[in-house]
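Presented below is the structure to which this report refers.
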There are 2 protein chains.
Amino acid sequence: MATVRDVAERAGVSIATVSFVLNGTKPVTPATRDRVEAAMAELGYHRNVLARALASRRTRILALAHPTLEQRFGSTTTDFVTSAARAARARGYHLVLWPVDTDGDEIRELLSQGLVDGVVLMEVLLEDARVEALTGSGTPFALIGRTADPAGLIHVDIDFEQSMAIALDHLQELGHREIALVSAGHALPEYGPKVRSAAAYRRLCGERGLRPLLLECEASVVGGRSLVPRLEGRTAVVVMNEFACFGLLSELASRGVAVPGDVSIVSFTSPDMAGIADPPLTIMRSPGATLGALGVDALIDRLEDPELMPPPQLLPCTLELGGSTARAESSTPA
Amino acid sequence: MATVRDVAERAGVSIATVSFVLNGTKPVTPATRDRVEAAMAELGYHRNVLARALASRRTRILALAHPTLEQRFGSTTTDFVTSAARAARARGYHLVLWPVDTDGDEIRELLSQGLVDGVVLMEVLLEDARVEALTGSGTPFALIGRTADPAGLIHVDIDFEQSMAIALDHLQELGHREIALVSAGHALPEYGPKVRSAAAYRRLCGERGLRPLLLECEASVVGGRSLVPRLEGRTAVVVMNEFACFGLLSELASRGVAVPGDVSIVSFTSPDMAGIADPPLTIMRSPGATLGALGVDALIDRLEDPELMPPPQLLPCTLELGGSTARAESSTPA
DNA sequence: ATGAAAGCGCTAACAT
DNA sequence: ATGTTAGCGCTTTCAT
């Protein structure tokens with residue numbers, strides 16, 4: 001591997017000059033710049049990122065901290081991770097994977113190694129020990145999700161208010177006025193998406209004169225089945241529990257309740273899941289890939305200008321029409 | 001951040017001695033070792049992995065190279081990645097994400113930065129330009145999957161021979177003798193899992209006196225539906241196309257063909273998918289998490305002893321019984 | 001068993 | 001505009 005020394009020698013300049021053209025740190029005569037660049041090309045020179053990191057005291061490595069016990073998010077998670085890594089690369093950074101427990105200990109341990117300049121934290125909880133560990137460390141970080149009070153923290157998240165409004169808009173435009181919300185009876189008592197969606201749902205129902213009905217069930221097919229007797233004649237259901245959705249669907253079918261004829265369903269899930277349901281689901285699709293890139297970009301912006309406080313970015317899920325929603329006129333609800 | 005210098009000073013020894021206790025590189029008197037360790041504890045010392053990497057010429061960072069365009073593997077991929085990262089951590093390594101194109105250019109580019117000691121390559125193709133890039137680079141690597149001729153390459157993969165045998169065993173024990181295999185009509189013409197499974201299926205059919213029927217279809221619900229007219233009276237189907245499986249199921253249902261009453265189905269897919277099918281599927285479950293850890297361990301073994309050539313590890317999928325397979329006696333096939 | 005000192009390959013003052 | 005040089009924090013000979 002060629003080093004700056006080799007390049008400098010071949011170009012007949014000092015290693016400092018090589019460094020200047022490499023980083024654009026100081027002005028260099030076009031003529032010598034050319035000589036240096038030619039030398040680099042001839043030698044196949046690539047700078048050693050490690051040495052650079054040590055000398056510049058910036059590693060240009062970011063960590064992607066995520067829970068060990070994966071919520072089974074499927075393709076959304078994959079999209080998110082890939083786009084985060086690509087976004088980092090586009091700005092000259094690398095992304096290391098840090099599976100970490102929810103207490104902040106592993107985070108602290110890993111931070112102390114000095115490998116990373118910043119951390120992207122996934123699956124943020126309303127109260128989150130990892131966030132405290134990060135705050136205490138002084139290492140810049142970006143949250144994917146939000147704590148209960150995210151003021152002053154760099155974060156990007158789904159806009160649950162707006163997402164819920166879009167889902168309700170769609171159903172109301174179809175004439176539905178009796179709309180239930182189903183969420184997961186989470187092991188995590190205070191799961192942000194659930195809490196925020198429920199709050200948005202309640203508020204919107206209030207504003208729009210709708211009667212709220214909020215149901216919870218286990219995140220499984222069996223859980224979904226158990227919902228049917230509790231639907232109280234609703235003609236539409238918004239489901240934030242992708243596995244339960246299949247149980248709901250199958251139980252409705254077996255009771256002769258037609259979807260979307262009698263009951264309309266909007267599910268917060270991925271297109272993959274939507275496609276294998278019968279009927280194919282109308283979904284609210286998570287902006288996973290976009291969030292990954294935005295989170296990384298916000299963090300790097302901050303890293304490169306510590307004065308900066310990148311504003312929170314809240315993106316709604318997008319409505320993708322499937323075959324599980326229809327006009328309410330003829331509904332004969334469950 | 002405390003440095004070796006600080007520790008050495010506090011312990012009243014030289015920095016070399018600190019390094020010796022840190023790495024166990026040379027014998028140190030219990031007494032001085034204690035003093036050094038006390039000093040480290042008091043100062044909250046953690047060694048800087050970057051400086052260590054630069055000095056030792058080993059970064060202890062591994063890359064996980066994976067295709068940008070994710071095959072939508074869902075939870076299997078997530079498990080794989082998480083377990084690979086954990087395995088690396090357990091041995092004092094970090095894992096960086098490298099989304100790369102299938103030509104080897106990005107790989108070469110990234111390798112030249114000198115950030116990583118080795119690469120774990122996912123989604124290996126039978127002919128794979130990335131493998132050539134790696135071979136040419138001299139950087140040690142491990143394959144998850146196999147090229148057409150993987151001799152001499154460190155690799156771990158699913159044992160498709162054995163997996164297929166297990167699936168057929170199960171169906172034959174239930175009395176089935178007319179068993180079809182469904183695979184994906186892949187964009188990639190030479191996708192290892194498909195080719196190897198098909199070969200195993202043909203060979204096993206030959207050995208066991210079964211008539212092979214190999215069908216392909218698009219990886220979608222629509223693709224799955226198109227299979228039914230082509231089943232030629234088979235009483236059992238092995239499906240290696242997880243999305244098509246749902247189309248198959250629904251088309252059979254709408255034609256009044258009962259699963260598992262008339263046709264049994266074994267699907268190579270994840271438990272998540274199995275759970276939302278109706279009936280819940282009997283599956284062959286991929287050993288994703290195990291492969292992730294094995295791949296990383298094999299690579300690190302090699303890194304730490306270049307003499308070593310870790311043997312290939314081929315693991316079968318595991319049969320998990322669901323409700324989509326039953327005895328053949330009363331079958332009235334499609 | 002311990003220490004002194006020379007780098008690892010680069011960046012970034014500080015000179016010129 | 002370019003060069004000199006002192007580190008970044010650690011590992012690792014080579015002495016003692």
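Just the heavy atoms: all of them, side chains too, but no hydrogens, waters or symmetry mates, feed the values below. Naming convention: chains lettered A, B, ... in sequence-line order (proteins, then strands); numbering from 1 in each chain. Model, not experiment: these values are computed from the prediction.
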With pairs taken as Watson-Crick or G-U wobble and both distances under 3.5 angstrom, which stems of at least three consecutive pairs involve DNA chain C?
->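 Ordered by first number, the stems with DNA chain C (at least 3 consecutive pairs each) read C:1-16 with D:1-16.
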
Run the side chain to side chain contact (heavy atoms under 4.5 Å, CB included) check on V119(B) and L110(B) step by step: do they pass?
-> CA-CA 11 Å; V119(B) 177; L110(B) 289 164; over 6 Å; no

Between atom [atom1] in [X] and atom [atom2] in [N], what is the gap in whole Å?
X: L22(A); N: dT2(D); atom1: CG; atom2: P; result: 15 Å
X: I15(A); N: dA6(D); atom1: CD1; atom2: P; result: 12 Å
X: N48(B); N: dT11(D); atom1: CG; atom2: C1'; result: 13 Å
X: E9(B); N: dC10(D); atom1: CD; atom2: P; result: 14 Å
X: M40(B); N: dG9(D); atom1: CE; atom2: P; result: 17 Å

Once you apply a heavy-atom cut-off of 4.0 Å, does [X] come out as touching a base, just sugar-phosphate, or nothing?
X: L50(A); answer: nothing
X: V18(A); answer: nothing
X: T17(A); answer: sugar-phosphate

D149(A): what forms a side-chain contact (heavy atoms from CB on, under 4.5 Å) with it, not counting sequence neighbours?
->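 side-chain contact (heavy atoms from CB on, under 4.5 Å) check on D149(A) returns A151(A).
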
With sequence neighbours left out, write down each residue that passes side-chain contact (heavy atoms from CB on, under 4.5 Å) with R91(B), or none if nothing qualifies.
->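 With neighbours one apart ignored, the set is Y93(B), D297(B), I300(B), D301(B), E304(B).
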
Select from T29(A) and V4(B) the residue whose nearest nucleotide in DNA chain D is closer to the 5' end of that strand.
->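 It is T29(A), whose closest nucleotide lies nearer the 5' terminus.
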
When rounded to the nearest 0.5 angstrom, what distance separates [atom1] in [X] from [atom2] in [Y]?
X: I154(A); Y: F141(A); atom1: CD1; atom2: CZ; value: 8.0 Å
X: R52(B); Y: T59(B); atom1: CZ; atom2: OG1; value: 10.5 Å
X: I61(B); Y: L115(A); atom1: CD1; atom2: CG; value: 4.5 Å

Ignoring hydrogens and geometry, is there a side-chain-to-backbone donor-acceptor pair from R60(B) to D117(B) under 3.5 Å?
->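 Flag not set: sc R60(B) to bb D117(B) has no pair under 3.5 Å.
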
Donor-acceptor pairs are to be reported for all side-chain atoms of residues 36-51 of chain A against protein atoms at under 3.5 Å, with residues two or more places apart or in another chain.
{"from": "E42(A)", "atom 1": "OE1", "to": "R10(A)", "atom 2": "NE", "distance (Å)": "2.5"}
{"from": "E42(A)", "atom 1": "OE1", "to": "R10(A)", "atom 2": "NH2", "distance (Å)": "2.9"}
{"from": "H46(A)", "atom 1": "ND1", "to": "S112(B)", "atom 2": "OG", "distance (Å)": "3.1"}
{"from": "R47(A)", "atom 1": "NH1", "to": "N23(A)", "atom 2": "OD1", "distance (Å)": "2.7"}
{"from": "N48(A)", "atom 1": "OD1", "to": "L50(A)", "atom 2": "N", "distance (Å)": "2.7"}
{"from": "N48(A)", "atom 1": "OD1", "to": "A51(A)", "atom 2": "N", "distance (Å)": "3.0"}

Positional range of nucleotides in DNA chain C within the contact set of chain A, heavy-atom, under 4.0 Å |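 The footprint of chain A covers dG9(C) to dC14(C).
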
Under-4.0 Å side-chain N/O to phosphate OP1/OP2 contact, [X] with [N]:
X: S14(A); N: dG3(D); value: yes
X: R47(B); N: dT11(D); value: yes
X: R57(A); N: dG9(D); value: yes

Which one, dT4(D), dC8(D), dT11(D), comes nearest to the side chain of A16(A)?
->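 Nearest listed nucleotide: dT4(D).
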
Check nucleotides 14-16 of chain D for protein N or O atoms closer than 3.5 Å to its own N or O atoms and list the pairs.
{"from": "dC14(D)", "atom 1": "N4", "to": "K26(B)", "atom 2": "NZ", "distance (Å)": "2.8"}

